[in-house]
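Note sheet for the following structure.
Just so it is clear: chains get the letters A, B, ... in the order the sequence lines come, proteins before strands, and each one is counted from 1.
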Amino acid sequence: MSKNLEKTYSPSDIEDRLYQKWIEKKYFHAEVDENKKPFTIVIPPPNVTGRLHMGHALDETMQDIIIRFKRMQGYSALWLPGTDHASISTEVKVIEKLKKQGIDKKDIGREGFLKETWDWTHEYGGAIVEQLKKLGSSCDWDRLRFTLDEGCSKAVEEVFVKLYEKGLIYKGSRIINWCPVCKTSISDAEVEHEEHAGHFWHIKYPIVGEEGRFVQIATTRPETLLGDTAVAVNPEDERYTDIIGKTVMVPFVNREIPVIADSYVDKEFGTGVVKITPAHDPNDFEVGKRHNLPELNVMNDDATINAMGGKFEGMDRYEARKQMVAELDEMGLLVKVEDHSHNVGTHDRCKTVVEPLIKPQWFVKMDELIKPAVEAVKSKEIELIPERMEKTYFNWTDNIRDWCISRQLWWGHRIPAYYCDKCSEVVVSKEQPETCPKCGHNHLTQDEDTLDTWFSSALWPFSTLGWPDNTKELEYFYPTDVLVTGYDIIFFWVIRMIFSGFEHMGEKPFKTVLFHGLVRDSQGRKMSKSLGNGIDPLEIIAEYGADALRLTLITGNAPGNDMRFYMERVEASRNFANKVWNASRFIMMNMEKAEIPETIDLSELTLADKWILSKKNALVKEVTENMEKYDLGIAVQKVYDFVWEEFCDWYIEMVKPRLYNDEDTTKMAALWTLKTVLIDSLKLLHPYMPFVTEEIFCTLQDKEESIMVSEWPVYDEAFNFNTDEEAVELIKAAVKSIRNVRAEMNVPPSKKATVIVVTEDDAVAQTFNTSKVFFATLGYASEVIVQSDKEGISQDAVSTVIPNATVYMPFAELVDIEKEIERLQKEKARLEGELKRVNGMLNNERFMSKAPEAKVAEERAKLENYTNMMAQVEERLQQLS
RNA sequence: GGAGUCAUAGCUCAGCAGGGACGAGCGUUCCCCUCACACGGGAGAGGUCAUGGGUUCGAGCCCCAUUGGCUCUACCA
């Protein structure tokens, strides 16, 4: 195998090839394995006909990171993929497509329409899956599921029948949200409330039997007056006590309706009189039930006025409104029109203003089902990350209403209810009944409606594992471990999966829910088609690589928070991938001639080796802990910092003199350390950046065939070298000081000089003595001399102070004494500030008595350090002046 | 109406468990094309952690109020 890499990392050259290899090797496939612990994630199924957007990219990246991590840790890690049939959205798309051909869905009938939709699904359904692969998603594609496939459909029927038999599903005529464009009912969760500028019309209704007397009502929707069956006042409202029980006349339809008293009416709002339209308003519906009012539906399914509306019949609701207002004005019944801004419910798919209508629909009774779901989150049996999402969760569960699950659509799971053609008996059954159990008639017709899409997704964590059959997968992989999803579907999906899990499996569907936020554009706006500000993940992948995209999406973002996406961040991620690539390239170039041993005797390691190995060891521990808590962004940030700063900028630089010198007896130790640290770093990075790490890993070594099935690094006590760590930190401080001085003095980088370290501390002297070689390189020094006094150092040498030592550089001809004094005075001022702070704390009695001892000791050590440095600085100043 | 959330460097954001303003990326200033990387290296500048109180020996981090932005939720006709 060639040990050469190109100078610049080019993702497009390797990604598809590596993904193909992973598929062929079946690395993504998880099996029931009693020797391993299971770890399971089920994918939030994207719409089958959808296209990958940034939201998916974020969601999938998080899941892939977790599953790759767990796989490397030795779990039987299953990431179960699938797609959702997305009833309304898919049906609407197909309807539009047909419309272009001049076809209405009714023309081709249910069967014809379903055939069209299946064709469409097959044609476009593969795209989203292929796009997920581009991201590097390590889903077990052998187990790909679809909410409308046979297994999921079986689960849906099973659940429907079971809940019906328990009395938890019922059919009832209730007021529901109706979309006049999609011509279907929708659930409360699908209604979006938008602020609309509207009007408040004040209208007079004549009181019957009292010539010239009126009640004045105020309404935002005058057209519904056609369906009024009462007007209501507050029973406490003294203005109106005398008219309670009287009747008033509804204009246009000349219907006599009663004045009723109901505490629902707010005395302070409007005129204090409310028209009651039970068939077109949810509140009025409730009032109507309390007072036994008739429910008069005045609208058709497309929101035009029906025959009940008299001369307005056939007009659209808004057209009728306009007409009616004009006529009321003419009749002198319109008192005034006020501007009034109010919230209007719209359908989240098509933005049409929802029309509340009374329709026979199927409902799931929620009050009992929700209880275990509430309890599980309260008791932390299910953990929500971040925790604050619990508030959103409870906000919904505390106000739970029955779930309207029937949809007047064809694309979806048809409701398994059958009606006897003869006696109208209802039979709910998994199979088409032969005969009516009541009258024995031999023909029953299935309900025309289908189920809400979320009805099937609610079962996803177990239907995908084979339920209702008792499969070995279900036994092994359920409950799943973590659900990764956006906070925007807590109500639609998360809650419904939780109660479904408890109801049907008797157990929670997942242990943890990890929420992420929305991906916004660089200005913080939602990415949307209409704004045209969406960024296509696939284009980013093509240009910068999947690794760069993944890293961008995962860094600098806390769980549940929205994030802004902009190209500079992608470039930064790409640069990091390139950095890793080049560090690896450097190491491999140096490895070419040498055979690196498997293990090494610790005594062969130098100070620097031990330092970086210690650092790496600590990193492994921290990163593992962070990842186990799903702190993915924090974890990768730590690896990023370690690789770029500690490993590349310090260790590799320190080690160069040893590599370039074949005589150096520690060269092998350096190579061994480089390789060891690199491999572990690659492993830590692999979940985040699967492609670049795999490519390097496979070029770097040939013992293992893939990093994705290699073992996750573990913390090793044998590689903790605390004293060596401190020593190297001291050298780093010295080097930084020297560089600083050189830069400030404008010493050209090419100018090498002698560096004299003066210290009375034996340990410090020892450190510098043993590290002269790399120290020299890093500090641009030609030579390093360590001594215990200032003998032989010219008076005009530049100096810099580090703890327990002073570093001198004789740049005689370059140095400007004035400037040097200025520099030292700046340093003195800084130290004075530090001393003031430390002394302030240490002189505070209450601090001394109450603060933990460790903290006090820490501050004391600082005091000593600063005092020491201050003395050195002052001494230098005295010498110079 | 209710709830949540944010306000930290010029910009976008981290900051896990209250203990030196701790940061990152980008931008910016100066010096370097040094044989892994200019998608790079080195050295800087830049912050009263929104405002006002409180708790604490000590607060960006906890509590209360205020201001401003965002989001969710809700039946004010």
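- The same atom, P, is picked in B:rG27 and in B:rG42; the two are 16 Å apart, to the nearest Å.
- Between A:His340 and A:Tyr9, it is A:Tyr9 whose nearest contact on RNA chain B lies nearer the 5' terminus.
- Remark: the separation of the C1' atoms in B:rU66 and B:rC6 is 16 Å, to the nearest Å.
- When every heavy atom of A:Val623 is checked against every heavy atom of A:Ala635, the shortest pair comes out as CG2-O, 3.8 Å.
- In this entry the distance linking CZ of A:Phe200 with P of B:rA77 reads 6 Å, nearest Å.
- If A:Glu568 and A:Phe586 are placed on RNA chain B by their nearest nucleotide, the residue sitting closer to the 5' end is A:Glu568.
- Within the structure, salt bridge (charged side-chain N to carboxylate O under 4.0 Å, His left out) contacts touching residues 540-553 of chain A (residues at least two apart or in different chains) are A:Asp64-A:Arg550.
- Between B:rG40 and A:Asn575, a contact under 4.0 Å exists linking OP1 or OP2 to a side-chain N or O.
- Residue-environment remark: CZ (A:Arg401) stays at or below the threshold of 12 foreign heavy atoms within 6.0 Å.
- If you check every strand for non-hydrogen atoms under 4.0 Å, A:Val265 touches a base.
- Here the separation of B:rC64 from B:rA3, taken at their P atoms, is 12 Å to the nearest Å.
- Of the candidate nucleotides B:rU71, B:rC72, B:rG41, B:rC72 has the atom nearest to the side chain of A:Thr392.
- Distance noted for atom P between B:rG68 and B:rC30: 42 Å (whole Å).
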Item to check | Worked check of side chain to side chain contact (heavy atoms under 4.5 Å, CB included) between A:Thr224 and A:Val298 | outcome: CA-CA 8 Å; A:Thr224 60; A:Val298 299; 5.8 Å; no
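- For A:Lys7 and B:rC37, a side-chain-to-base donor-acceptor distance below 3.5 Å is absent, hydrogens and geometry of angles not being considered.
- Rounded to an integer number of Å, the gap from A:Tyr205 OH to B:rA77 P is 15 Å.
- Separating the NZ atom of A:Lys275 from the P atom of B:rC75 is a distance of 18 Å, rounded to the nearest angstrom.
- A salt bridge between A:Glu729 and A:Lys736 is absent, with no side-chain N of the basic residue lying under 4.0 Å from a carboxylate O of the acidic one.
- Under the Watson-Crick or G-U wobble criterion, with both distances below 3.5 Å, B:rA24 is paired with B:rU12.
- If you check every strand for non-hydrogen atoms under 4.0 Å, A:Phe565 touches nothing.
- Within 4.0 Å (heavy atoms only), A:Asn844 reaches sugar-phosphate atoms of the nucleic acid but no base atom.
- Taking a 4.0 Å limit (strictly below) on heavy-atom distances, residues 644-661 of chain A reaches RNA chain B at A:Trp644, A:Cys648, A:Asp649, A:Ile652, A:Glu653, A:Lys656, A:Tyr660.
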Validation: residues 487-494 of chain A side-chain donor-acceptor distances under 3.5 Å, sequence neighbours left out:
unit_1	atom_1	unit_2	atom_2	d
A:Tyr487	OH	A:Asp562	OD1	2.9
A:Tyr487	OH	A:Asp562	OD2	3.3
A:Trp493	NE1	A:Ser457	O	2.9

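- A heavy atom closer than 4.0 Å to some atom of RNA chain B occurs in A:Ala218, A:Thr220, these being the qualifying members of residues 218-232 of chain A.
- Taking atom P on both nucleotides, B:rA7 is separated from B:rC62 by 11 Å, rounded to a whole Å.
- Here the P atom of nucleotide B:rC75 and the CG atom of A:Leu357 are 17 Å apart, to the nearest Å.
- Note on A:Gln637: only backbone sugar-phosphate atoms sit closer than 4.0 angstrom, heavy atoms only; bases stay farther off.
- Contact annotation for A:Arg739: backbone-only contact, meaning every heavy-atom pair under 4.0 Å involves sugar-phosphate atoms and none involves a base.
- One can place CD of A:Glu853 at 18 Å from P of B:rC57, the figure rounded to the nearest angstrom.
- The base of B:rA74 has none of its N or O atoms less than 3.5 Å from a complementary donor or acceptor on the side chain of A:Asn399.
- Across the protein-nucleic acid pair, A:Asn740 atom CG and B:rA45 atom C1' stand 13 Å apart, rounded to whole Å.
- In this structure, the ring pair (Phe, Tyr, Trp, His ring centres under 6.0 Å) partners of A:Tyr9, at least two apart in sequence or on a different chain, are A:Trp581.
- Residue A:Ala572 is in sugar-phosphate contact alone, with no base atom involved, counting any heavy-atom pair closer than 4.0 Å across all strands shown.
- The C1' atoms of B:rG60 and B:rA50 are separated by 12 Å, rounded to the nearest whole Å.
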Which pairs, protein N/O on one side and nucleotides 48-50 of chain B N/O on the other, fall under 3.5 Å?
none

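- Comparing the same atom, C1', in B:rA36 and in B:rG23 gives a spacing of 27 Å after rounding to whole Å.
- For A:His342, the ring pair (Phe, Tyr, Trp, His ring centres under 6.0 Å) partners are A:His340, not counting sequence neighbours.
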Below 3.5 Å between N/O atoms, which protein atoms pair up with nucleotides 5-14 of chain B? Just atom names and distances, please.
unit_1	atom_1	unit_2	atom_2	d
B:rU12	O4'	A:Tyr566	OH	3.3
B:rU12	O3'	A:Arg564	NE	3.2
B:rU12	O2'	A:Tyr566	OH	3.3
B:rC13	OP1	A:Arg564	NE	2.6
B:rC13	O2'	A:Gly556	O	2.6
B:rA14	OP1	A:Asn561	ND2	3.0

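- Nucleic acid contact class of A:Gly272 (heavy atoms, under 4.0 Å, all strands): base.
- A:Ile358 contributes atom CD1, which lies 13.5 Å from atom CH2 of A:Trp178 (distance to the nearest 0.5 angstrom).
- With sequence neighbours left out, A:Glu859 forms a salt bridge (charged side-chain N to carboxylate O under 4.0 Å, His left out) with A:Arg837, A:Lys855, A:Lys862.
- Using cut-offs of 30° and 60° for the angle between ring planes, the A:Trp644 and A:Phe576 rings count as parallel.
- Here A:Ser10 pairs with A:Ser12, A:Asp13 under the side-chain contact (heavy atoms from CB on, under 4.5 Å) rule; sequence neighbours left out.
- Identified under the salt bridge (charged side-chain N to carboxylate O under 4.0 Å, His left out) test for residues 624-640 of chain A, with sequence neighbours left out: A:Glu622-A:Lys638.
- In this structure, A:His202 reaches neither bases nor backbone, as no heavy-atom distance under 4.0 Å exists between it and the strands shown.
- Out of B:rC70, B:rA36, B:rC16, the shortest distance to the side chain of A:Asn582 is found at B:rA36.
- With both pairing distances under 3.5 Å, B:rG40 is matched to B:rC32 as a Watson-Crick or G-U wobble pair.
- Atom-to-atom, CD1 of A:Ile175 to C1' of B:rC75 comes out at 11 Å; the value is rounded to the nearest Å.
- Under the 3.5 Å distance criterion, with hydrogens and angles disregarded, a donor-acceptor pair is assigned to the side chains of A:Ser187 and A:Glu190.
- Residues satisfying the side-chain contact (heavy atoms from CB on, under 4.5 Å) test with A:His199, not counting sequence neighbours, are A:Trp201, A:Val337, A:Asp339.
- Summarising the local packing, CZ of A:Arg860 is surrounded by 12 or fewer heavy atoms from other residues, nucleotides or ligands at distances under 6.0 Å.
- A distance of about 25 Å separates the P atoms of B:rC70 and B:rU48, rounded to the whole Å.
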